[in-house]
S.K.: 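Quick one: structure below, then a few questions.
Chain identifiers are assigned alphabetically (A, B, ...) following the order of the sequence lines, protein sequences preceding nucleic acid strands; residue numbering begins at 1 within each chain.
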Protein chains: 2
Amino acid sequence: MRLVVARCSVQYSGRLDATLPEAVRLIMVKADGCVAIHSDGGAYKPLNWMTAPNTVVEIEGQWIVTNPKGETLTINLHEVFTDSAHEFGEDPGLQKDGVEAHLQELLAALPETIENGLTLIRREWPTPIGPVDLMCVDTEGNYVAVEIKRRGEIDGVEQLARYLELLQPDSNLKGLRGIFVAQVIKPQAKKMAEQRGIAWAEVDYEDLRGRRPEELRLF
Amino acid sequence: MRLVVARCSVQYSGRLDATLPEAVRLIMVKADGCVAIHSDGGAYKPLNWMTAPNTVVEIEGQWIVTNPKGETLTINLHEVFTDSAHEFGEDPGLQKDGVEAHLQELLAALPETIENGLTLIRREWPTPIGPVDLMCVDTEGNYVAVEIKRRGEIDGVEQLARYLELLQPDSNLKGLRGIFVAQVIKPQAKKMAEQRGIAWAEVDYEDLRGRRPEELRLF
DNA sequence: TGGTGGATTTCGATC
DNA sequence: GATCGAAGTCCACCA
């Protein structure tokens, strides 16, 4: 990785056109050729960048980075403060826990968390436009399609409504209705669900982890 | 900005739990307290990070970064190769051109690009769930609701369908129909539009820029 | 290889 | 401050 701290101005032309006036910034060049220009604030996102694969041409205080799609990033270096390179080696990468797949796994094991007496029929129940997360039956023997999101927003409700629309004509699915499940559901999403006759439930991930059966606790 | 190159292992606990095994990485600390951990590859996104506001406590080769929401990032430094700090000063920020707002502006000025003989009634035509981008009339005097996206995907068609559903009952909008407009429209979005009786049109941004009236060319 | 959906999304505008 | 929508989104998965 090469790290350059310099007073520079930058232009990008590609999916849009953008310019950065002259200022002091960090230019980061990764081993795969990625170039990122960071200011000393904001979140992790650089002000400007170019992802691999690309080519860097360096002439007289000017870097021209191009990629096969015809995008270009031009960096004009007005004053270089530091310029250093470092060997990193392979990175083993990040291990994650707590994303939507896990939430689905936990809820499949404990459908009662969603609604009392709910029983799982199968995960990833197929429809023409994609699978429903969980298909269950309730205590009355009625079918319940469950859509799971980490965050409950309006488009998740839309998605479930579309599934229901497609599945309702199937007379095998007696009394089919929907439940929208997420860790947190936004007010507007709750409202839309109610308008469409869809129930919703908020579930607690940590609570679920604590309650899941032993065999699931080992991943 | 402080830049540390070190062999380190990292743990994050907050919205999810994640760990990074020991390896050489760049740790970037910005003036506002943001911490980001980069490997020497991948795109601009760091492997792990913590956004401001937060607090960094540094003891004996261990950094503990916490934020008010109770998230924590723990960095164990096993071997420090470089550790440097730099003054950047304020950044004037990025200037952009070519985003959706401009596209709407250009199409409002040249609705004929969308369909021959189309005339603009107004931009941001209100509905209970948000404004329609453009309301126009065609050569027959029928109303046309236009939804504009930079990229035409399925949810944009959904959005326009929702608007139309809400606006159809309004008898003032004689013969109301919809057109979905984007620079590029995905096949599935085209199909969905056609199924719902919504027309679609692909427009070229550069071409529009060239054709727009003089007064608009000055921004 | 292209499409689709998730993200510790980030970011900005608007209410 | 909350919410909503766009992003040069990036990214992984899957057809």
Side-chain angles (χ1 to χ4, degrees), chain A residues 11-18 34 36-37 41-52 54 67 69-73 93-94 96-104 124 129-131 133 147-156 158-159 182-189 191-192 205, chain B residues 10-18 34-37 42-52 54 65 67 69-73 93-94 96-104 124 129-131 133 147-156 159 182-192 205:
Chain A
Q11 279 152 295
Y12 165 76
S13 181
R15 291 179 244 189
L16 55 63
D17 293 285
C34 282
I37 295 145
Y44 62 68
K45 198 173 167 177
L47 293 165
N48 227 327
W49 70 93
M50 183 77 90
T51 46
N54 61 24
N67 76 3
K69 282 187 236 164
E71 298 173 303
T72 61
L73 186 73
L94 189 69
K96 287 187 193 184
D97 181 23
V99 289
E100 184 183 316
H102 288 152
L103 197 57
Q104 191 193 114
E124 305 289 345
I129 57 165
D133 289 333
E147 177 65 30
I148 302 166
K149 293 283 177 199
R150 209 173 48 81
R151 294 186 187 189
E153 293 174 33
I154 205 165
D155 53 342
E158 285 286 345
Q159 197 181 331
Q183 291 176 272
V184 182
I185 301 177
K186 292 196 173 170
Q188 197 161 342
K191 211 169 89 186
M192 170 172 277
Y205 181 75
Chain B
V10 185
Q11 280 153 296
Y12 166 75
S13 180
R15 291 177 244 190
L16 55 65
D17 293 286
C34 282
V35 179
I37 295 147
Y44 62 69
K45 198 172 167 177
L47 294 165
N48 227 324
W49 70 94
M50 182 80 90
T51 47
N54 60 23
V65 189
N67 75 4
K69 283 187 234 161
E71 299 173 304
T72 61
L73 187 73
L94 188 71
K96 288 187 190 182
D97 181 23
V99 288
E100 184 183 316
H102 287 153
L103 196 58
Q104 190 192 115
E124 306 289 346
I129 56 164
D133 289 334
E147 177 64 30
I148 302 166
K149 294 282 177 200
R150 206 172 52 78
R151 293 185 187 189
E153 294 175 31
I154 204 167
D155 53 342
Q159 195 180 332
Q183 291 176 272
V184 182
I185 301 177
K186 294 196 172 171
Q188 196 160 344
K190 289 181 182 175
K191 212 169 87 184
M192 170 172 276
Y205 181 75

S.K.: I want to check something: taking the side chain as every heavy atom from C-beta on, are A:H102 and A:K96 in contact at a cut-off of under 4.5 Å?
M.R.: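 Not touching, per the 4.5 Å side-chain cut-off.
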S.K.: Within this structure, what is the CG-to-P distance between B:D133 and D:dC4, rounded to whole angstrom?
M.R.: 18 Å
S.K.: How long is the gap from OG1 on B:T72 to CG on B:D17, to the nearest 0.5 Å?
M.R.: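 Going from OG1 on B:T72 over to CG on B:D17, the span is 8.5 Å.
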S.K.: Ignoring hydrogens, what is the shortest heavy-atom contact between B:L73 and B:Y12? Give both atom names and the distance.
M.R.: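 Taking every non-hydrogen atom into account, CD1-CB, 3.8 Å.
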S.K.: For B:M50, which contact category applies under a 4.0 Å heavy-atom criterion: base, sugar-phosphate, or nothing?
M.R.: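 Contact class for B:M50: none.
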S.K.: How many whole angstroms separate atom NZ of A:K191 from atom P of D:dT3?
M.R.: 12 Å
S.K.: Can you tell which of C:dT8, D:dA6, D:dG8 lies closest to the side chain of B:Y12?
M.R.: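 For B:Y12, the side-chain atoms sit closest to C:dT8.
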S.K.: What is the separation between atom CD on A:Q183 and atom C1' on C:dT8, rounded to the nearest whole Å?
M.R.: 12 Å
S.K.: If you only use heavy atoms from C-beta on, which nucleotide in C:dT8, D:dG8, C:dG6 is closest to the side chain of A:W49?
M.R.: D:dG8
S.K.: Quote, to the nearest angstrom, the P distance that separates D:dC11 from C:dC11.
M.R.: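 The same atom, P, in both gives a distance of 15 Å.
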S.K.: Testing the basics here: between B:G156 and B:E147, what is the closest heavy-atom pair and its distance to 0.1 Å?
M.R.: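 Smallest interatomic distance, heavy atoms only, reads O-CG, 4.0 Å.
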S.K.: Give the minimum heavy-atom separation between B:D133 and B:I148, together with the two atoms involved.
M.R.: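 Looks like OD2-N, 2.7 Å.
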S.K.: Report the nucleotide, chosen from D:dC10, C:dT10, C:dG6, that has the shortest atom-to-atom distance to any side-chain atom of B:R15.
M.R.: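 From the listed options, C:dT10 comes nearest.
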S.K.: Expressed as a whole number of angstroms, how long is the span from B:N48:CG to C:dT10:P?
M.R.: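 That distance rounds to 12 Å.
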S.K.: Please enumerate all residues that pass side-chain contact (heavy atoms from CB on, under 4.5 Å) together with A:Q183, with sequence neighbours excluded.
M.R.: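 A:L103, A:R150, A:Y205.
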S.K.: Take atom CD of B:E71 and atom C1' of C:dA7, then tell me their distance rounded to the nearest Å.
M.R.: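 After rounding, the reported distance stands at 14 Å.
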S.K.: Round to the nearest Å and state the distance from A:E158 atom CD to C:dG6 atom P.
M.R.: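 After rounding, the gap between these two atoms is 14 Å.
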S.K.: Under 4.0 Å between a side-chain N/O of A:R150 and OP1 or OP2 of C:dG6, yes or no?
M.R.: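 Indeed not, no polar side-chain atom of A:R150 lies that close.
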S.K.: Identify the pairs formed between an N or O of the protein and an N or O of nucleotides 11-13 of chain D at a distance under 3.5 Å, and give each distance.
M.R.:
{"from": "D:dC11", "atom 1": "OP1", "to": "B:A43", "atom 2": "N", "distance (Å)": "3.4"}

S.K.: Can you tell me if the side-chain N/O atoms of B:K186 get under 4.0 Å from OP1 or OP2 in C:dG2?
M.R.: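 Indeed not, no polar side-chain atom of B:K186 lies that close.
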S.K.: CD of B:Q11 to CG of B:N48: how many Å apart, nearest 0.5 Å?
M.R.: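 Reported to 0.5 Å precision, the distance equals 10.0 Å.
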S.K.: Whole angstroms only, please: what is the CD1-P distance between B:I185 and C:dG2?
M.R.: 18 Å
S.K.: A:L73 side chain: which of D:dG8, D:dA6, C:dT8 is closest?
M.R.: D:dG8
S.K.: Quick one: A:E147 CD to C:dG6 P, roughly how many Å, whole number?
M.R.: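 Rounded to whole Å, this separation is 7 Å.
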